[in-house]
Participant: 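The structure that follows is given in the form of structure tokens.
Because the structure is a prediction, the values reported are computed rather than measured. Side chains included, hydrogens not; waters and symmetry mates left out as well; all remaining heavy atoms used. The chains referred to below are lettered A, B, ... by the order of the sequence lines, with proteins before strands, and numbering in each begins at 1.
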2 protein chains.
Amino acid sequence: MDIKKYKYQDRIFVSVDCIIFGFDGRQINALLIKRAFEPGKGKWSLMGGFVGKDEDVADAAARVLKQLTGLTDIYMEQLYCFGEANRDSARRVVSIAYSAFINIAEYNEQLSTEHQARWFPIHKIPSLVFDHKQMLKKAKEVMMEKVSRHPIGFELLPTKFTLSQLQSLYEAICETTFDNGNFAKKILSTNILKKMNEKERSSRKGAFYYVFDKINYERLQRNGIRFI
Amino acid sequence: MDIKKYKYQDRIFVSVDCIIFGFDGRQINALLIKRAFEPGKGKWSLMGGFVGKDEDVADAAARVLKQLTGLTDIYMEQLYCFGEANRDSARRVVSIAYSAFINIAEYNEQLSTEHQARWFPIHKIPSLVFDHKQMLKKAKEVMMEKVSRHPIGFELLPTKFTLSQLQSLYEAICETTFDNGNFAKKILSTNILKKMNEKERSSRKGAFYYVFDKINYERLQRNGIRFI
DNA sequence: CCAAAAGTGTTTCTATTACACCCATGT
DNA sequence: ACATGGGTGTAATAGAAACACTTTTGG
């Protein structure tokens, strides 16, 4: 297009919305905030905000997340662009959704203080503004697709974890159950776990803690080997 | 946000870019056009254009594709949003890329007449404007991911096709070769193909034509069963 | 000692791979 | 008749699933 041509085009508000999943040992949770402004003031919402004129969209996502929750250094991936003309009730806004998985315990300090974000189990999400429910749905779908091919999900656990905890996580994500024996064998066969000498003591026998073998973990992450 | 708050936000040009893949029997091709305007006038480019103020982003993609190539009724999927601040050399433009696979022969009439779009083998793509090369790269990656889990790729073939043609297509996409016997067995075991009584006659023996069994095809498409 | 969870071993079944071999036909 | 893909059969292997069984330890 001729440079002048740009003038005759419409400019549109572009926003980002952040979907943060966390695991509490039993179920997957999503982080939500109470909207501080109209439209939808007081309603629950994803963490969202506008993209600046000279700001990369991905940078905007990180900035907005930090402003609204205090969370920093979270690796978010672009999920989808929601571009229906009427998706925002007040104005035309095209929104790009980003999502990440984090370990709730690890980030809880950053979170709890000044900001009023709250975790909701993904099966008990309250009513949300605009099309945020649809965004969450899409994020869940992508998560389920992805989890079977990439060793994500570990990001949701503490550094040290037991095989049972890992299994519970996968069962929560995939909404199914696995044979505990087969699960252990399969995971261990990938060599992405290192066994510690320490045991977790909540059960009679006690389960050994494991940590990742970073190198093998990243190799698998790249190759996307099927491991569930 | 307070409605007034919108006023203080930046508005940004939003565009769409369309990536159309086609198969000619030997290799995968991408459709490109010569840009008619600055910046980048005369250079090769994906089919792109701006999103209107009251236009769904997905609708814009279909409109732009039609305007620039004549192609209609093509099912495009959203690929990715490219949002770097400096991706367009003239202005700030956030672009949402869409992609589709089509059968070259079937759409050739629609294409060839007035519009000057051209097919390029994906290993011989010329220099492209902006970040369009990166868009194509991303589209190829997603295609390769997807093709192994969903029976796409059939969209790239004529209605009637032989097992060899199908195999060539998959080999082109996956950049590998398959054992022809195993390939035939595996595809046939999915029951998504119906054998015709007609033979293609380019080889000595001649190969039977096949068509899809629509119902089983769509069932597989939904379930995403691994079939390569 | 026993219940309960952790973890290992064994067996069965299925899917994948490699590759031998038969088939149909134009030249 | 024979070379050339087209297509089927078979045996070896690897992986997944089912499930029995052993281990550990707090009560």
Participant: Over all strands shown, is B:Ser164 touching base, sugar-phosphate only, or nothing at heavy-atom distances under 4.0 angstrom?
Facilitator: sugar-phosphate
Participant: Return the value, rounded to whole Å, for the distance between atom CZ of A:Phe183 and atom P of C:dT8.
Facilitator: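 The distance from CZ of A:Phe183 to P of C:dT8 comes to 14 Å, rounded to the nearest Å.
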Participant: If I take atom CD1 in residue B:Ile187 and atom C1' in nucleotide D:dG7, what distance separates them, rounded to the nearest angstrom?
Facilitator: 15 Å
Participant: What integer distance in Å separates B:Glu200:CD from D:dT4:C1'?
Facilitator: 13 Å
Participant: Do you know which two heavy atoms are closest between A:Tyr107 and A:Asp73, and how far apart they sit?
Facilitator: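 Reported closest heavy-atom pair: OH-O, 3.7 Å.
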Participant: Nearest whole angstrom, please: distance from the P of D:dG5 to the CZ of B:Phe178.
Facilitator: 20 Å
Participant: Mind calculating the distance between CZ (A:Phe208) and P (D:dT23) to the nearest angstrom?
Facilitator: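 The answer, rounded to whole Å, is 15 Å.
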Participant: Can you check each nucleotide of nucleotides 19-27 of chain C against protein heavy atoms at under 4.0 Å and return B for base, S for sugar-phosphate only, - for none, in 5' to 3' order?
Facilitator: B---BBBB-
Participant: How would you label the contact of A:Ala207 with the nucleic acid (heavy atoms, under 4.0 Å): base, sugar-phosphate, or nothing?
Facilitator: sugar-phosphate
Participant: Just to verify, what does B:Asp56 make a salt bridge (Lys or Arg N to Asp or Glu O under 4.0 Å) with, not counting sequence neighbours?
Facilitator: none
Participant: Mind calculating the distance between OH (B:Tyr210) and P (D:dG6) to the nearest angstrom?
Facilitator: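 The distance from OH of B:Tyr210 to P of D:dG6 comes to 12 Å, rounded to the nearest Å.
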Participant: Could you pull out all residues at least two apart from A:Lys137 that satisfy salt bridge (Lys or Arg N to Asp or Glu O under 4.0 Å)?
Facilitator: A:Glu141
Participant: What is the distance from NZ of A:Lys186 to C1' of C:dT8, rounded to the nearest Å?
Facilitator: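 Whole-Å distance recorded here is 18 Å.
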Participant: Starting at CE of B:Met196 and ending at C1' of D:dG6, how long is that distance when rounded to a whole Å?
Facilitator: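 Distance, rounded to whole Å: 18 Å.
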Participant: State which residues pass salt bridge (Lys or Arg N to Asp or Glu O under 4.0 Å) with B:Glu155; sequence neighbours excluded, sorted by chain then number.
Facilitator: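 B:Glu155 satisfies salt bridge (Lys or Arg N to Asp or Glu O under 4.0 Å) with no other residue.
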Participant: Residues two or more places apart in sequence or in another chain: which of them pass ring-ring contact (aromatic ring centres under 6.0 Å, His included) with A:Tyr80?
Facilitator: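 Result, ring-ring contact (aromatic ring centres under 6.0 Å, His included) vs A:Tyr80: A:Phe82.
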Participant: Taking only residues at least two apart or on different chains, which pairs with a member in residues 20-31 of chain A satisfy salt bridge (Lys or Arg N to Asp or Glu O under 4.0 Å)?
Facilitator: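 For residues 20-31 of chain A, and leaving out neighbouring residues, there are no salt bridge (Lys or Arg N to Asp or Glu O under 4.0 Å) pairs at all.
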